[in-house]
Each structure stands twice: as structure tokens, then as C-alpha cells.
Amino acid sequence: MRWEPSRYAAFADDRGRPFHDLVAQVAWPARDGREAPRRVVDLGCGPGALTATLAARWRSSPVVGIDSSAEMLASAAADPALADLPNLSFALGAIEDWMPGPTDDVVVTNAALQWVPSHVALLPRWLDAMPSGSWFAMQVPGNFGSPSHALMRSIGASGPWASALDGVLRSDPVLDPAGYLGIMLDAGFAARAWETTYAQLLPGEDPVLDWVRGTGLRPALAALDAADPTGALTAEYVDRYRAALREAYPASDHGTVYPFRRVFAVGRKP
Ligand SMILES: C[S@@+](CC[C@H](N)C(=O)[O-])C[C@H]1O[C@@H](n2cnc3c(N)ncnc32)[C@H](O)[C@@H]1O
């Protein structure tokens with residue numbers, strides 16, 4: 001599936017806020033240990049602007065962003081704001097193939113594991129392999145039951161596009177906070193997990209559609225474009241979905257409120 005970094009970046013402030021709330025919980029330097037992490041990893045780093053904040057925070061630590069999207073990494077490579085951080089690098093790779101190295105002291109993954117169906121099985125293996133004293137911090141969207149996603153699926157389930165979209169949009173790709181907390185505690189981490197619903201105020205005529213076009217709607221758009229390369233099927237589906245979103249998320253004088261639930265888990269290995 002192709003990503004469009006510029007479309008993804010359109011709501012950079014709102015998309016970035018959970019990242020900052022997440023990494024604020026990583027309390028490094030620890031009182032008992034090393035001054036700086038030996039290595040920091042950002043799994044599913046996207047266009048790299050948020051990864052860069054980790055490199056700015058830990059300037060003496062190598063910070064590597066890993067992503068499977070060549071488009072996202074090309075965007076990171078072309079971003080002049082990232083050029084003056086010599087400790088920052090990026091690597092093309094699949095999260096499914098990654099395992100922590102013995103010096104990976106901080107692992108962050110923000111808004112990426114929902115794309116990796118095997119992540120619940122991978123987490124215990126990653127946590128087991130991480131070094132003593134390391135931190136693991138993850139955030140995933142927890143809004144797959146919200147109108148934006150329920151409508152995406154229900155409209156997709158009937159109509160001329162139904163066969164093209166069959167099985168494409170998942171309803172349950174992530175756990176609740178307690179699920180991730182249990183995994184981290186079972187792995188011996190001192191952990192906490194929580195959820196936050198951000199009342200995001202978005203500008204523009206169809207901002208919720210614009211938001212999901214950058215992320216959650218992409219598998220459907222890819223499937224529809226493959227089924228009908230003329231784009232007519234995609235346009236018809238998007239028109240129906242747009243109308244439903246306008247009803248579900250009415251605009252006000254201030255903008256459109258798009259409530260967005262996110263699930264967080266952060267822990268440290270003793
Ligand atoms: C919603 S973006 C999040 C980007 C960034 N972490 C942020 O918070 O802005 C999801 C990213 O995960 C990446 N991704 C999705 N599945 C992946 C996989 N299996 N392996 C590596 N990266 C993946 C995508 O390419 C995309 O850049």
C-alpha cells in the first residue's frame with residue numbers, strides 16, 4: 001500500500017500530540033543508570049519529523065526510524081529540518097521482521113502497530129529480547145468503532161464496491177489498554193497503560209474525510225483503485241462516505257470536532 005506523506009502531514013499537529021504525550025512518559029535518564037540510551041528505535045516512523053524530536057532529545061544517542069514505506073522514508077530524506085541531526089538515521093524495513101538488539105534502550109512506536117496484525121504475538125518476543133533497564137512505549141489508535149470507521153465499513157459492505165472491499169477494513173486491529181498492560185506485566189516490565197480521547201478541532205469542508213484519506217481509508221482506496229483503475233468506483237464510494245461523514249461530524253462555526261481515541265502503553269524493564 002502506497003502512502004502520501006504530504007497528505008499525512010496535513011494534520012501534523014493533531015497527529016503529533018499523542019506522540020509527545022507518549023514519549024513524555026519515558027523517564028530517561030534513569031536515576032540508577034546510563035546518561036543516555038545506547039540506541040533509540042522508532043518503529044513505523046513515517047516521514048520522520050517526530051523521530052527527529054527523539055534525536056534532538058538524546059543528541060548523543062543513535063536514533064533510527066524504521067518504516068516499510070519508501071515514500072515515507074524519501075520524505076524524511078528530503079526534509080531539510082532533519083538534516084542537522086547527525087545521530088538520526090532511517091532504514092527501510094518491516095516491523096514484522098524487526099527484533100530488538102542488545103543496546104536498544106528505548107523503543108517507541110506511534111500509530112503504527114495497528115497496521116501489523118501480528119503485533120500482539122510479536123510484543124512478548126520483543127519485550128523478552130530487550131535489555132535490562134530499557135523502555136518500550138507504544139500508541140495505537142483505538143477508534144475503530146467510531147463513526148468515521150464504522151461508516152467506512154458499513155458503506156463498504158453494500159454497493160457495487162462490496163466485493164472489492166470484502167475483508168479489507170478491519171474492525172479490531174488493536175487491544176484495549178488492559179490488554180497491552182497485561183502483555184507488558186507478563187514480560188516483567190513495570191508498566192502503565194491508558195487511553196485518551198482527543199477532541200480534535202479540524203478546519204476545512206470535509207476534514208474527517210481528509211484525515212482518514214491520509215491513513216485509515218488508504219487500504220480501501222487501494223483496493224477500489226485496483227478493482228477499477230478508471231477511478232469511477234472509488235469516486236462513487238467516496239461521495240457516499242463523504243455525505244455520511246458530514247452528518248456524523250457536523251461542522252460548527254469553530255470547525256469540525258473529530259473525537260479520536262488513542263491507546264497507550266509504556267513500560268520499563270527492571
Ligand atoms: C500512521 S503512520 C505513523 C507514522 C509516525 N509514527 C507518526 O506517528 O507520525 C504509520 C506508519 O507505519 C508504517 N508501517 C505500516 N505498516 C508497517 C510495517 N509492517 N512495517 C513497517 N512500517 C509500517 C507506514 O508506512 C507509516 O509510515
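Indexing begins at 1, ligand by ligand and atom by atom, following the structure's order.
Numbered from 1 in the order shown, with element, the atoms of ligand 1 that lie under 4.0 Å from a heavy atom of Gly93 read 20 (N), 21 (C). The ligand atoms of ligand 1 that sit less than 4.0 angstrom from a heavy atom of Ser69 are 25 (O). Those atoms of ligand 1 that come under 4.0 Å of a heavy atom in Trp115, given as number and element, are 10 (C), 15 (C), 16 (N). Applying the 4.0 Å criterion to heavy atoms of Val116 picks out, from ligand 1, the atoms 19 (N). Per-residue contacts place Met72 under 4.0 angstrom from the following atoms of ligand 1 (heavy atoms of the residue considered): 27 (O).
Among all non-hydrogen protein atoms, the one lying nearest atom 4 (C) of ligand 1 is Gly44 O, 3.4 Å. Ranking the protein heavy atoms by distance from atom 18 (C) of ligand 1 puts Ser68 OG, 3.5 Å first. For atom 20 (N) of ligand 1, the nearest non-hydrogen atom of the protein is Ile95 N, 2.8 Å. The protein heavy-atom contact nearest to atom 7 (C) of ligand 1 is Tyr8 OH, 3.3 Å. Ranking protein heavy atoms by distance to atom 19 (N) of ligand 1, first place goes to Glu96 OE1, 2.9 Å.
Under the 4.5 Å side-chain criterion, counting only non-hydrogen atoms from C-beta, Tyr249 is not in contact with Val257. Using a 4.5 Å heavy-atom threshold, the side chains of Trp115 and Pro219 count as touching. Here the side chains of Leu50 and His20 are in contact, with some heavy-atom distance below 4.5 Å.
Taking a 4.0 Å cut-off on heavy atoms, Gly16 fails to register as neighbouring ligand 1. A heavy-atom separation below 4.0 Å is not found between Arg15 and ligand 1.
Contact annotation for Leu50 and ligand 1: only side-chain heavy atoms (C-beta onward) come within less than 4.0 Å of the ligand. Only side-chain heavy atoms of Trp3 come within less than 4.0 Å of ligand 1; its backbone N, CA, C and O stay farther off. Under 4.0 angstrom from ligand 1, the non-hydrogen atoms of Asn110 come from both its backbone and its side chain.
Taking distance alone, with nitrogen or oxygen atoms compared against 3.5 Å, Asp67 approaches ligand 1 more closely than that limit. Not one N or O of Gln114 is nearer than 3.5 Å to an N or O of ligand 1, by distance alone.
Contact check on Arg125 versus Asp128 returns no salt bridge, with no Lys/Arg side-chain nitrogen under 4.0 Å from an Asp/Glu carboxylate oxygen. The pair Asp105-Arg39 fails the salt-bridge criterion, with no side-chain N (NZ, NE, NH1 or NH2) lying under 4.0 Å from an Asp/Glu carboxylate O. Residues Arg242 and Asp210 are not paired through a salt bridge, judged by the lack of any N-O separation under 4.0 Å between the basic side chain and the carboxylate. With respect to the salt-bridge test (charged N to carboxylate O, under 4.0 angstrom), the residues Arg262 and Glu195 do not qualify.
Under the 30°/60° scheme for interplanar angles, the aromatic rings of Trp211 and Phe11 are found to be tilted. Using the six-membered ring where Trp is involved, Trp126 and Phe136 have ring planes that are tilted, between 30° and 60° apart.
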(message) Checking Arg261 against Asp176 for the salt bridge (Lys or Arg N to Asp or Glu O under 4.0 Å) test, could you report, in this order, the C-alpha distance in whole Å, the side-chain angles of both residues, the deciding distance, and whether it holds?
(response) CA-CA 11 Å; Arg261 174 178 179 256; Asp176 284 335; 3.1 Å; yes

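For Tyr198 and Phe260, the ring centers sit 6.0 Å or farther from each other.
Around atom 1 (C) of ligand 1, the closest heavy atom drawn from Ala76, Ala111, Pro117 belongs to Ala111. Taking only non-hydrogen atoms, the option from Ala112, Ala12, Cys45, Gly65 nearest to atom 5 (C) of ligand 1 is Cys45.
The distance from the OG atom of Ser134 to the CZ atom of Arg38 is 8.5 Å, given to the nearest 0.5 Å.
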